[in-house]
Amino acid sequence: MLSKQFLFTKPSLFFFFFFANPSLRRRFSSSRHRYPTNADRRSRPTTIVSPTPYIPIAKCISLLQFCASSKPKLMQIHAFSIRHGVPITDPDMGKHLIFAIVALSAPMGYAHNVFSQIDNPNIFTFNTMIRGYAESENPRPATELYRHMRAFSSVKADTHSYPFLLKALAKLTAVWEGEMVHSVVLRDGFESLVFVQNALLHLYGCFGCVESAHKMFELMPQRDLVAWNTVINGFALNGRPNEALVLFRDMGFEGVEPDGFTMVSMLSACGELGALALGRRAHVYVLKVGLLNSNLHANNALLDLYAKCGSIRDAKKVFNEVSERSVVSWTSLIVGLAINGFGKEALELFKELENEGLVPTEITFVGVLYACSHCGMVNEGFNYFGQMEEKYGIVPRIEHYGCMIDLLGRAGLMKEAYEYIQNMPLKPNAVIWRTLLGACTIHGDLVLGEFVRSRLQQLEPGHSGDYVLLSNLYALESRWSDVQKVRRAMLRQGVRKTPGYSLVELGNRVFEFMMADRSHPQSEEAYAKLAEIASLLRLEGYVPRTANVLADIEEEEKETALSYHSEKIAVAFMLVNTAPRTPIRILKNLRVCVDCHVVFKLISKVYGREIVVRDCTRFHHFGNGSCSCGDYW
DNA sequence: GTAGGGTTAG
């Protein structure tokens, strides 16, 4: 008789069978599988190997069920099936074997091998296979299997097939196929099932069609917590944090209690908006319901929220206080420190991560390289870039090369940066060239700038940021006719400069200011404050930096244009409306210009205020007349 | 057996 003990004492067989056989390894690891035809089924043997006496199917099944539930290692199951000649051609036996493999998240190649030997696979077998692929790293075969099932077998898809198939399609962002499957779901009358509906919501969310998902959601007669979470997350992940927060509020009105999933989406929406006050309230809620310390994802989202709101002190506090930390927690704090201008601390934290024996991910390295490039640590940057592959086997992606170009470009090593692009093993994309163009603007390299710009025109014509960068570059050299040329080209090609705006949080509200904005009821007071600031700053020796104004206008006019930049109005507004020494936080959609940067440094000194500005790329912490970026940004 | 989550260069 076979005992359970026996099962666990023969692991080496599978090792030998699987890892020692290159052809099998290749077969199992191949991403595309061919599904067996009936001719295949007729020609292959009825069992894998049969060195030992036959064991009753019922016994095998109960053992496999035990395996799947107690999650032992896959090799033990396989050793068992090989050793005892498990007759997996039996559909019942095969289905349990496949289920055990999928439940263990084992390589799908192995499940495919079993699947191809089963006589007349039933719907459970197909569904388990589809599920396994949908949850694996390569979900493509799930859709192939579904098509195969529809075309070549008598098995009909049921209510359990669609949620997993839709999950696979969502992962693949296969829009066309997704819509086809949706129409099949409608035709076959599965759309009334809540599992299918939620999977469809997720599908459209992943496609970036949050509008469709939302519409579908509104039409749903019964909406459970998962449906709310799916559509809220859809908005949060597609750059629509406001809508996500509105839905979060509506959810409360309908009396649906949020869970960890909801809070993660909600916190990330707050982070994107820089809504620190709202985020703090969410923090209190997370504490109240006991999610903190029990939900790693919620902890990480909270950490990220504080880092993204420029409140690095709170981020560190969360990091130090939680009982469980994953590499994501470390990465979030490293990236947070890097974007807030604390590059050295970010690198120290990275060293600590290594000392803890944790394995950094490719995103950790983006943070590390970002820290190096924003602090001018060229040698360190190259050092870490080398370590990536040597020490951790992480193949650098285009993002990492972007950081390296930025590292060289910011440090003024323009020639080296250009050569680096020429020699890199990946094809440079628009982002890479744009990074170099940005560096040209910082260092006034007009010749290279024009060349890079021509490359960008081919790769991504009509990107408004490139026109602005080029015109700033011409303006630096006072080449006004060229500035005009860029401007006319923008008009001709219908390219519009993204209007700059700044957000500030006061009380429970978020206020938005545009350039030269006078729509706010308190704008008179704000402008009066601006005039006061201007006169005070002149006493401090302030001279406006006007090179960034996109026009050949009189210097005096330029000064006016500068003094009405949205972030300056926002600061003035906050100076009027908050008590002395209250920190001021501003979120800006574009980069802070040189002039605003100088002004904020001075304001922080003259008015004794801490000013935190989050622009589209990073944070600036102003205090006592200096900035955390060290003027290197 | 069924659906949903966080971190990424400019």
Side-chain angles (χ1 to χ4, degrees), chain A residues 68 95 98-99 102-103 123-128 130-132 134 158-167 170 190 193-203 205-206 224-234 236-237 259-268 271 295-305 307-308 326-336 338-339 361-370 373-374 396-407 409-410 429-439 441 463 465-466 469 590-591 615-618 633:
Chain A
K95 95 179 184 188
I98 291 175
F99 184 72
V102 169
I123 183 62
F124 180 96
T125 326
F126 273 107
N127 285 349
T128 314
I130 291 175
R131 174 187 161 188
D158 70 355
T159 51
H160 294 263
S161 318
Y162 287 103
F164 288 123
L165 177 65
L166 291 168
K167 185 178 180 178
F190 289 124
L193 292 150
V194 70
F195 284 104
V196 177
Q197 282 175 350
N198 289 344
L200 282 167
L201 289 180
H202 174 64
L203 181 87
C206 285
D224 63 1
L225 180 60
V226 176
W228 281 98
N229 285 349
T230 309
V231 70
I232 288 176
N233 193 45
L237 290 181
D259 69 348
F261 285 71
T262 332
M263 294 318 289
V264 167
S265 304
M266 197 260 175
L267 289 169
S268 86
N295 187 325
L296 181 62
H297 293 295
N299 295 343
N300 290 343
L302 200 55
L303 207 168
D304 179 53
L305 164 89
K308 277 219 181 108
S326 67
V327 69
V328 177
S329 327
W330 289 81
T331 302
S332 297
L333 191 55
I334 289 172
V335 172
I339 60 171
T361 66
E362 46 185 32
I363 301 168
T364 321
F365 275 103
V366 169
V368 167
L369 297 176
Y370 190 94
S373 82
H374 284 255
R397 294 204 327 211
I398 194 88
E399 289 87 347
H400 301 108
Y401 286 101
C403 291
M404 297 310 283
I405 311 296
D406 196 45
L407 181 73
R410 266 176 213 280
N429 60 11
V431 179
I432 296 282
W433 289 114
R434 196 164 298 130
T435 308
L436 189 58
L437 182 58
T441 322
H463 187 284
D466 298 344
L469 280 178
L590 303 174
R591 273 181 62 148
D615 71 9
C616 61
T617 65
R618 60 164 298 151
W633 92 94

Engineer: Counting side-chain heavy atoms from C-beta on, which of B:dT7, B:dA9, B:dA3 comes nearest to A:Phe195?
Structural biologist: B:dA3

Engineer: Tell me the interatomic distance from A:Leu303, atom CG, to B:dG5, atom P, rounded to whole angstroms.
Structural biologist: 20 Å

Engineer: Looking at A:His374, does any N or O in its side chain come under 4.0 Å of the phosphate oxygens OP1/OP2 on B:dG10?
Structural biologist: yes

Engineer: Would you check if A:Arg131 and A:Phe99 make a side-chain contact, meaning some heavy-atom pair closer than 4.5 Å?
Structural biologist: yes

Engineer: For A:Asp406 and B:dA9, give me the distance from atom CG to atom P, rounded to whole Å.
Structural biologist: 10 Å

Engineer: Short question: side chain of A:Asn299, backbone of A:Leu302 - any donor-acceptor pair under 3.5 Å?
Structural biologist: no

Engineer: Within the structure shown, what part of the strands sits under 4.0 Å from A:His202 by heavy-atom distance: base, sugar-phosphate, or nothing?
Structural biologist: sugar-phosphate

Engineer: Return the value, rounded to whole Å, for the distance between atom CG of A:Leu369 and atom P of B:dA9.
Structural biologist: 11 Å

Engineer: Base, sugar-phosphate or nothing for A:Ser373? Non-hydrogen atoms, less than 4.0 Å.
Structural biologist: nothing

Engineer: From C-beta outward on A:Val226, which listed nucleotide comes closest to its side chain: B:dA3, B:dA9, B:dG10?
Structural biologist: B:dA3

Engineer: Between atom CG in A:Leu203 and atom C1' in B:dA3, what is the gap in whole Å?
Structural biologist: 12 Å

Engineer: Tell me whether A:His297 and B:dG5 count as stacked here, given that the ring centres must be under 5.5 Å apart and the planes must differ by less than 30 degrees.
Structural biologist: no

Engineer: Counting side-chain heavy atoms from CB outward, which of B:dA9, B:dG1, B:dT8 is closest to A:Ile363?
Structural biologist: B:dT8

Engineer: Counting the atoms with a prime plus P, OP1 and OP2 as sugar-phosphate, which does A:Thr128 contact under 4.0 Å by heavy atoms, base, sugar-phosphate, or nothing?
Structural biologist: nothing

Engineer: Which nucleotide sits closest to the side chain of A:Pro163: B:dG10, B:dA3, B:dG1?
Structural biologist: B:dA3

Engineer: Looking at side-chain heavy atoms only, is the closest gap between A:His400 and A:Leu369 below 4.5 Å?
Structural biologist: yes

Engineer: From CG of A:Leu333 over to P of B:dT8, roughly how many Å is that when rounded to an integer?
Structural biologist: 13 Å

Engineer: Do the side chain of A:His160 and the main chain of A:Ile123 share a donor and acceptor less than 3.5 angstrom apart?
Structural biologist: no

Engineer: Give a yes/no on whether any side-chain N or O of A:Tyr162 is located under 4.0 angstrom from OP1 or OP2 of B:dA3.
Structural biologist: no

Engineer: Whole-Å distance between B:dG1 P and A:Lys95 NZ?
Structural biologist: 9 Å

Engineer: Find the distance A:Leu436:CG to B:dA9:P and express it as a whole number of Å.
Structural biologist: 18 Å

Engineer: May I ask you to say what A:Leu237 touches in the nucleic acid, namely base, sugar-phosphate or nothing, with a heavy-atom cut-off under 4.0 Å?
Structural biologist: sugar-phosphate

Engineer: Side chain of A:Lys167 only, please: which of B:dA3, B:dG1, B:dT7 is the nearest?
Structural biologist: B:dA3

Engineer: Does A:Thr262 reach the side chain of A:Leu225, with side-chain heavy atoms less than 4.5 Å apart?
Structural biologist: yes

Engineer: Decide yes or no for A:Asn233 and A:Phe261: does some side-chain heavy atom of the first lie under 4.5 Å from some side-chain heavy atom of the second?
Structural biologist: no

Engineer: Give one of base, sugar-phosphate or nothing for A:Asn299, where a contact means two heavy atoms less than 4.0 Å apart.
Structural biologist: nothing

Engineer: What's A:Phe124 touching, base or sugar-phosphate or nothing? Going by heavy atoms closer than 4.0 Å.
Structural biologist: base

Engineer: With heavy atoms under 4.0 Å as the rule, sort A:Ser265 into base, sugar-phosphate or nothing.
Structural biologist: nothing

Engineer: Compare the minimum distances between each of B:dA3, B:dT8, B:dG5 and the side chain of A:Phe164, then state the nucleotide with the smallest one.
Structural biologist: B:dA3

Engineer: How is A:Asp259 classified with respect to the nucleic acid when contacts are heavy atoms under 4.0 Å: base, sugar-phosphate, or nothing?
Structural biologist: base

Engineer: Side chain of A:Val328 only, please: which of B:dA3, B:dT7, B:dG5 is the nearest?
Structural biologist: B:dT7

Engineer: Touch check for A:Phe261, heavy atoms < 4.0 angstrom, all strands: base, sugar-phosphate only, or nothing?
Structural biologist: base

Engineer: Compare all side-chain heavy atoms of A:Val431 with those of A:Ile398 and state whether any distance is below 4.5 angstrom.
Structural biologist: no

Engineer: So, is A:Arg131 close to the B:dA3 phosphate, meaning a side-chain N or O under 4.0 Å from OP1 or OP2?
Structural biologist: no

Engineer: Could you state the CD1-C1' distance from A:Ile432 to B:dA9, rounded to the nearest angstrom?
Structural biologist: 8 Å

Engineer: From the options B:dA9, B:dG1, B:dG10, select the nucleotide whose nearest atom is closest to the side chain of A:His160.
Structural biologist: B:dG1

